[in-house]
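Comments concern the structure below.
These numbers were taken from a predicted model, which means no experiment stands behind them.
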Amino acid sequence: MARQQTKELYSSNYSSDNTCVVKWHKPPEYWLKINTDGSKDAEGNSGIGGICRDHRGKLTMVFASSIGRTSSNKAKASAALARGIIRRIQDIVGQLNCAIRHCYREANQVADALAKWSIDNEELLIFSHRDLPISAVGPYRLDYI
């Protein structure tokens, strides 16, 4: 029973043989969805990245930042701190719908690409899909399929 509930939490695309199609899903109307990730290269240089999209899947904001030398887990934790920032905004505004959930790597490709990009670049804050780093363009387009 608990296993079935867990499956339903992550995706509704399970078949009878327990095969799961994992992909990014648009948030409900009047919600924003923020995906974050952290990444580390072989030398220990780390970065974080994230993307915020509306209920149509349209990009509203992208961020990426190098965070220096750290472990992969610390990089992912730093990316998760961005979620904490969203909680603070929610407290201030008081009208935002907010939920924090885990998602599989396959449903988080844009944030992963941004985190990897940020390792070799300084900082990024954009508000248009036209300005996405080339490494994030493909995953962003695939999310519409």
Y144 reachable from W24 in the ILVMFWY side-chain graph, under 4.5 Å edges: no

Partner of R53 by side-chain contact (heavy atoms from CB on, under 4.5 Å), out of D143, V62, L32: D143

Nearest-0.5 Å distance, NZ of residue K58 to NE2 of residue H129: 8.5 Å

Straight-line distance of T36 OG1 to I48 CD1, nearest 0.5 Å: 8.0 Å

L142: side chain to side chain contact (heavy atoms under 4.5 Å, CB included) partners, not counting sequence neighbours: I145

Main-chain N/O of D41 paired with N45 side-chain donor or acceptor, under 3.5 Å: no

Crowding at NZ, K33 (>12 non-hydrogen neighbours, <6.0 Å): yes

Heavy-atom pair of closest approach, residues A113 and P139: CB-CG, 4.5 Å

Contact summary for P28 and H55, nearest pair of heavy atoms: O-CB, 3.3 Å

Distance in Å, S66 OG paired with I119 CD1, rounded so as to fall on 0.5 Å steps: 7.5 Å

Under 3.5 Å donor-acceptor, S46 side chain and I67 backbone: no

Within 6.0 Å of CG in L125, more than 12 heavy atoms from elsewhere: yes

From NZ (K26) to CZ (R56), nearest 0.5 Å: 9.5 Å

Spatial distance of atom CG (L59) from atom CG (D131) [nearest 0.5 Å]: 9.0 Å

same_hphob_cluster(L132, W117) at 4.5 Å side-chain heavy-atom cutoff: yes

Y140/I51 under side-chain contact (heavy atoms from CB on, under 4.5 Å): CA gap, chis, key distance, verdict: CA-CA 10 Å; Y140 179 72; I51 180 168; 3.9 Å; yes

For A111 against G49, the heavy-atom pair lying closest together: CB-O, 4.0 Å

Rounded distance (nearest 0.5 Å) linking atom CG of L114 with atom CG of D37: 9.5 Å

